[in-house]
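To find a chain, count down the sequence lines: A is the first, B the second, and so on, and within it residues start at 1. What you see is a predicted model, and the numbers here were worked out from it, not measured in a lab.
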There are 2 protein chains.
Amino acid sequence: MAKTIKVVLAEDQGMVRGALSVLLGIEPDIEVVASAADGDEALRLVGQLRPQILVTDIEMPKSTGLELTARVRNLYPETRVVILTTFARPGYLRRALDAGAHGYLLKDRPSTELADAVRRVHQGLRVVDPGLAAEVWNAEPDPLTDREREILRRAGEGESTAEVAKALRLSDGTVRNYLSEAISKLGAHNRVEAARLARAKGWL
Amino acid sequence: MAKTIKVVLAEDQGMVRGALSVLLGIEPDIEVVASAADGDEALRLVGQLRPQILVTDIEMPKSTGLELTARVRNLYPETRVVILTTFARPGYLRRALDAGAHGYLLKDRPSTELADAVRRVHQGLRVVDPGLAAEVWNAEPDPLTDREREILRRAGEGESTAEVAKALRLSDGTVRNYLSEAISKLGAHNRVEAARLARAKGWL
DNA sequence: CTGTCATGATGACAAGTGTCATACGCCGCA
DNA sequence: TGCGGCGTATGACACTTGTCATCATGACAG
């Protein structure tokens, strides 16, 4: 196959970076021309090598995959970006698409999907994890008010009602009211579970 | 090279699992005979296939890599275990070695080290990340007993005292005793803070 | 200007949590 | 053989947390 898709790979964990590189490299039509351990290095490599595709993690040192995506979008628009991440958070997906990503793939998915996603994005298609895409539309919006969120966050870190009240200069009872409200909105049974649920949704 | 090292791989993220499998598979002397997405499946596969090496992540559904290591150690001692994890926590390393692991490798390291580590462990050597090994000697040891740890873990996820008691078939009061003890040992003021502190040290 | 909503408060009660003393059996180590 | 540590339990007490009713204020949309 003459037509080769050039890919740059950005991923901070060396072991995973190397393994993904091999995984993509065995495909006859894909060539990993370089890989980077952080966002800045990745941007430099994309500028130098002008790959058709950049595959990038989100959580990386120096600059995140989301920042990287936006920069690549502006500076080298001919390179399309596939986000590859652990996090199935609707908030991340939305921000990734806003930043101009063409693909959003979860590390949970079978490894066979990666090369496929690269090919599809190379052909100009969008590839978004189906479960996650659905979630974004149903997207229950964050039911918490700012106050509730802030108080739940602190309580979720281990601050007692009294400590939260002092820190925010509220009465003790008010803090308990907000927590009660938050617990009820989230369908939890106590502050710890409430904080955990909210965190999972990306609301904290 | 006739002698092939049979490996079972346990890692919950499909993408990483597939990629690591390919990475190890390209080595002429290593064969990945199966891979699992959780601890229970991994244990089953080890029992069935009796590989020389099990490469496992720590944080997995159903049972963790540390529990898995202990079980493999007891049931199939001829299989040696290499832990492959994101977490450079001394507590994890200590528990991994206590559980009978022969290798402890970080996902941060270059991917070339994985096959090497597998070979060394297969030869009967121990392979431990050097930076982490140093830390273990200075590190305060985990002050929690197994029971305290398990109970604190559950409480830290939002289970109430009553739920924990039911799940572990303990009396309500006993659970509160353990939590009280754990909170005091960790110098925390409540279960949430205690869980947070323990997690940061790698004790949960 | 009226209804709705977020913020903030109080008081009361029920439920859950943290602490302490005390106790028993088991195991391993000296 | 005895001591210490672990696991488990009970009862009692104080304290924290969760729920509910009720109220007051200010902002904002209709």
Side-chain angles (χ1 to χ4, degrees), chain A residues 140-201 203-204, chain B residues 66-67 70-71 73-74 91 94-95 97-100 140-199 201 203-204:
Chain A
E140 342 154 46
D142 182 347
L144 303 174
T145 69
D146 287 351
R147 238 8 185 178
E148 286 162 358
R149 193 171 17 255
E150 168 70 1
I151 287 171
L152 182 56
R153 196 187 55 72
R154 298 182 97 108
E157 315 245 347
E159 288 187 28
S160 69
T161 305
E163 284 168 332
V164 175
K166 199 168 187 183
L168 302 183
R169 285 165 192 183
L170 292 175
S171 90
D172 225 70
T174 301
V175 171
R176 283 190 288 152
N177 285 154
Y178 282 128
L179 278 172
S180 181
E181 192 56 24
I183 289 165
S184 136
K185 280 180 177 176
L186 296 170
H189 297 97
N190 56 56
R191 53 180 69 191
V192 186
E193 196 187 353
R196 198 171 51 77
L197 291 173
R199 251 189 278 273
K201 300 269 188 181
W203 293 336
L204 279 199
Chain B
L66 295 173
E67 290 161 359
R71 285 193 197 133
R73 185 71 183 153
N74 286 329
R94 169 153 277 158
R95 275 196 286 154
L97 296 181
D98 286 350
E140 346 155 43
D142 182 348
L144 302 175
T145 68
D146 286 351
R147 238 7 183 178
E148 286 162 359
R149 190 165 29 248
E150 168 70 0
I151 287 170
L152 182 57
R153 194 187 56 72
R154 299 180 98 107
E157 314 246 347
E159 288 186 28
S160 69
T161 305
E163 284 168 331
V164 175
K166 200 167 184 184
L168 302 183
R169 287 166 191 181
L170 292 175
S171 91
D172 225 72
T174 302
V175 170
R176 283 192 287 151
N177 285 154
Y178 282 129
L179 279 171
S180 180
E181 192 57 24
I183 289 164
S184 139
K185 280 180 177 175
L186 295 170
H189 297 96
N190 56 55
R191 54 180 70 193
V192 186
E193 195 187 353
R196 199 172 49 77
L197 292 173
R199 251 189 278 273
K201 299 271 189 179
W203 294 336
L204 278 200

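In this structure, A/E193 atom CD and C/dA15 atom C1' are separated by 16 Å, rounded to whole Å. Rounded to a whole Å, the CZ atom of A/R154 is 15 Å from the P atom of D/dT17. One atom, CZ of A/R147, and another, C1' of C/dA6, lie 11 Å apart when rounded to the nearest Å. As a whole-Å value, the separation of B/E150 CD from D/dC6 C1' is 16 Å. Atom CD1 of B/I151 and atom P of D/dG7 are 9 Å apart (whole Å). Taking atom CD on B/E163 and atom P on C/dA15, their separation rounds to 16 Å, with Å as the unit. Per the geometry, CD belonging to B/E148 stands 11 Å off P belonging to D/dT8, to the nearest Å.
For the contact set between residues 180-189 of chain B and DNA chain D, defined by any heavy atom under 4.0 Å, there are no members.
Between B/T145 and the phosphate of D/dG5, there is no side-chain N or O to OP1/OP2 separation shorter than 4.0 Å.
Applying the 6.0 Å contact sphere to NZ of B/K201 captures no more than 12 heavy atoms from other residues, nucleotides or ligands.
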Worksheet entry | Base versus backbone protein contacts along nucleotides 23-30 of chain D [heavy-atom cut-off under 4.0 Å; B, S, -] | --------
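How far CZ of A/R191 is from CG of A/L179: 5.0 Å, rounded to the nearest 0.5 Å.
Remark: A/R153 pairs with A/E150, A/E157, A/L204 by the side chain to side chain contact (heavy atoms under 4.5 Å, CB included) rule, at least two apart or across chains. Listed by chain and number, the residues in a side chain to side chain donor-acceptor pair (under 3.5 Å) with B/S180 amount to none (sequence neighbours excluded).
Listed nucleotides: D/dG7, C/dG18, C/dG8. Nearest to the side chain of B/Y178: D/dG7.
The nearest heavy atom of DNA chain D to B/N190 and to B/D146 marks one nucleotide each, and the one closer to the 5' end goes with B/D146.
Minimum interatomic distance between A/A194 and A/I183 (heavy atoms only, all atoms of both residues): CB-CG1, 4.0 Å. Nearest heavy-atom pair, B/Y178 versus B/E148, reported as atom, atom and distance to 0.1 Å: CD2-CG, 3.9 Å. Looking at every heavy atom in both residues, A/L152 comes nearest to A/A182 through CD2-CB, 4.4 Å. In plain terms, the two heavy atoms of B/N190 and A/S160 that are nearest each other are ND2-N, 4.4 Å.
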Protein-nucleotides 9-16 of chain D N/O pairs under 3.5 Å:
{"residue": "D/dA9", "atom": "OP2", "partner": "B/S171", "partner atom": "N", "Å": "2.7"}
{"residue": "D/dA9", "atom": "OP2", "partner": "B/T174", "partner atom": "OG1", "Å": "3.2"}
{"residue": "D/dA9", "atom": "N6", "partner": "B/N177", "partner atom": "OD1", "Å": "3.4"}
{"residue": "D/dT10", "atom": "OP2", "partner": "B/S171", "partner atom": "OG", "Å": "3.3"}
{"residue": "D/dT10", "atom": "O4", "partner": "B/N177", "partner atom": "OD1", "Å": "2.9"}

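Using a 4.5 Å cut-off on side-chain heavy atoms (C-beta onward), A/L186 and A/E193 make no contact. Looking only at side-chain heavy atoms (C-beta outward), B/L168 and B/R154 come within less than 4.5 Å of each other. By the 4.5 Å heavy-atom criterion applied to side chains, A/K185 and A/T145 are counted as neighbours.
For DNA chain D, the stems formed by at least three consecutive Watson-Crick or G-U pairs, with both atom-pair distances below 3.5 Å, span C:1-30 with D:1-30.
Salt bridge present: B/R149 and B/D146 bring a charged side-chain N and a carboxylate O closer than 4.0 Å.
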